[in-house]
Amino acid sequence: MRTVPPRSAGRLLYAQSGGVTAVINATAAGVIETARARGVPVYAARNGILGALREDLIDTSKDSRAAIAALRHTPGGAFGSCRYKLKSLEANQAEYARLIEVFRAHDIRWFLYNGGNDSADTALKISRLGKAMGYDIRCIGVPKTVDNDLAVTDCCPGFGSVAKYTAISTLEASLDVASMADTSTKVFILEVMGRHAGWIAAAAGLAGDGADAPPHIILFPENAFDEVAFLAKVKATVERVGWCTVVASEGVRNSAGQFLAEAGTRDAFGHAQLGGLAPVLAALVKEKLGYKYHWALPDYLQRSARHAASKVDAEQAYAVGKAAVDYALDGMNAVMPVIVRTSDAPYRWKILPTPLARIANREKKMPRGFIRRDGFGITAAARRYLAPLIRGEAPVPYGKDGLPAYVRLKNVAVTRKLEPFAP
Ligand code: F6P
């Protein structure tokens, strides 16, 4: 039986980081409900690690049990997120000293950082703080990213839902273009996120199987873009099927390694902001082949589409939050709960702790064996991997106004005890 620590045993701080997802708040619910059940109070940092540095903390006990439960079906990041890179301990002692000062002032003994590979790096640095600065703090990284590019874990919470949205959108838009193709649109191009990895684009492949089923072309960042082969495939598809659906990953590069579409800005980690590939491809199709086209860039719609979330994904998101609390309170440090697949069919998974050092700053791309030999589609192995992740619906309750009943937390600020600090 588990012993419930007394209240004086400290607080747990939870923060969300990086691009948010349709189910990151389900992880927050897993964290808060589990900590509550174990008698541990939870603060949340407003806007990720920045909230910890600024001593901008939220007292989650001010929100009711029902409000926390409603996080399970509410997209976005309930406490705000950030893209902020902590430098090394040597390069920015002041920030680390400040974190310890804030942790000490509020009796924070456990820190849970919910993010992708960059955030795992931040979590790893903080996990080493205790030793370096003589303060007992346990830090657990909690996985999340629509990009599905975290190492070790079989999949990342957030991905299954964006995958489902992408497969559904590909299927639905293809029914539309098929109807119009005789006298109007011949080519539809959908651009999806995913940064340097083609997982989201690959998920579009679940919309259909077989040479004539959409999507007819998937463009992966793992392959250099070949304009001649692309145009030939579009032309052949339109001539054979009557129309063509293309799904392109935002991270597609040319043979010189340059992104086909960069928005021109970079985030704190030096990542180029991507987006805008679909109109580039559409213009190419029009200019070289003369076909009428439509294109779509769902952008934030894809990672916030909680109404089309995957049940498996929503369950996994909750489970990693719960496991992270258990690991922290049971004394683990510098680990992340990862999803381990134990069987494809029936799909079975479990959660195990893995050292953050194996995950931080690594990127898991699509394996070669998941991309068809012609480079434009997914293989049966990819289908086996992807299919279970979009399975099941996780319905959202709707209000009388016909809109989803999403929750907005009170997010009551904790009284500050320290001098202001500008990160
Ligand atoms: O990392 C998740 C992600 O959604 C990427 O797919 C995308 O390129 C990026 O975030 C966009 O980041 P931001 O919201 O900071 O512009």
Side-chain angles (χ1 to χ4, degrees), residues 15-25 27 47-50 75-85 113-123 141-151 153 155-167 169 190-204 218-222 247-253 258-280 296-306 308-310 313 317 336 359-366 389:
Q16 300 178 321
S17 172
V20 295
T21 76
V23 297
I24 186 173
N25 286 334
T27 301
N47 298 327
I49 196 69
L50 284 173
F79 306 110
S81 187
C82 72
R83 292 208 188 270
Y84 185 80
K85 189 173 176 64
Y113 207 36
N114 195 179
N117 27 29
D118 296 332
S119 317
D121 171 64
T122 305
V142 195
K144 166 250 48 159
T145 173
V146 293
D147 299 343
N148 202 38
D149 61 353
L150 284 178
T153 189
C155 62
C156 303
F159 172 68
S161 296
V162 79
K164 188 173 180 103
Y165 174 91
T166 302
S169 302
L190 176 69
E191 173 178 336
V192 296
M193 284 182 162
R195 231 198 272 283
H196 309 139
W199 296 103
I200 303 178
I218 301 177
L219 298 177
F220 300 96
E222 284 82 359
V247 177
S249 173
E250 62 177 7
V252 169
R253 300 174 196 245
Q258 293 152 332
F259 292 114
L260 257 53
E262 250 190 65
T265 49
R266 284 182 183 270
D267 69 15
F269 293 86
H271 302 305
Q273 186 182 342
L274 303 175
L277 173 63
V280 171
L297 209 171
D299 200 77
Y300 278 8
L301 302 182
Q302 68 200 283
R303 64 181 209 201
S304 61
R306 180 60 185 79
S310 139
D313 190 33
M336 177 179 273
I359 296 166
N361 295 320
R362 300 195 183 170
E363 245 177 1
K364 184 170 72 186
K365 302 208 178 160
M366 288 266 294
L389 305 182

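Ligands are counted one by one from 1 in listed order, and the atoms in each one are counted from 1 as well. Counting begins at 1 with the first residue of the sequence. Treat the numbers as computed from the prediction; the structure is a model and nothing was measured.
Asp147 meets the side-chain hydrogen bond (donor to acceptor under 3.5 Å, both in side chains) test with no other residue; sequence neighbours excluded. Phe259 is linked by a ring-ring contact (aromatic ring centres under 6.0 Å, His included) to His196, counting only residues two or more places apart in sequence or in another chain. Taking Ala204 as the reference, Thr166, Thr170, Pro215, Val247 meet the side chain to side chain contact (heavy atoms under 4.5 Å, CB included) condition, with sequence neighbours excluded.
Residues lining ligand 1 at a heavy-atom distance below 4.0 Å are given as Arg83, Val146, Asp147, Met193, Gly194, Arg195, Glu250, Tyr300, Arg303, ordered by chain and residue number.
By the 4.5 Å heavy-atom criterion applied to side chains, Val20 and Ser304 are not counted as neighbours.
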Pair Asp118, Arg83 - check salt bridge (charged side-chain N to carboxylate O under 4.0 Å, His left out), show working.
CA-CA 9 Å; Asp118 296 332; Arg83 292 208 188 270; 5.0 Å; no
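Under the side-chain hydrogen bond (donor to acceptor under 3.5 Å, both in side chains) rule, Gln16 has a single partner from Asn25, Thr27, Asn114, Thr21, which is Asn25.
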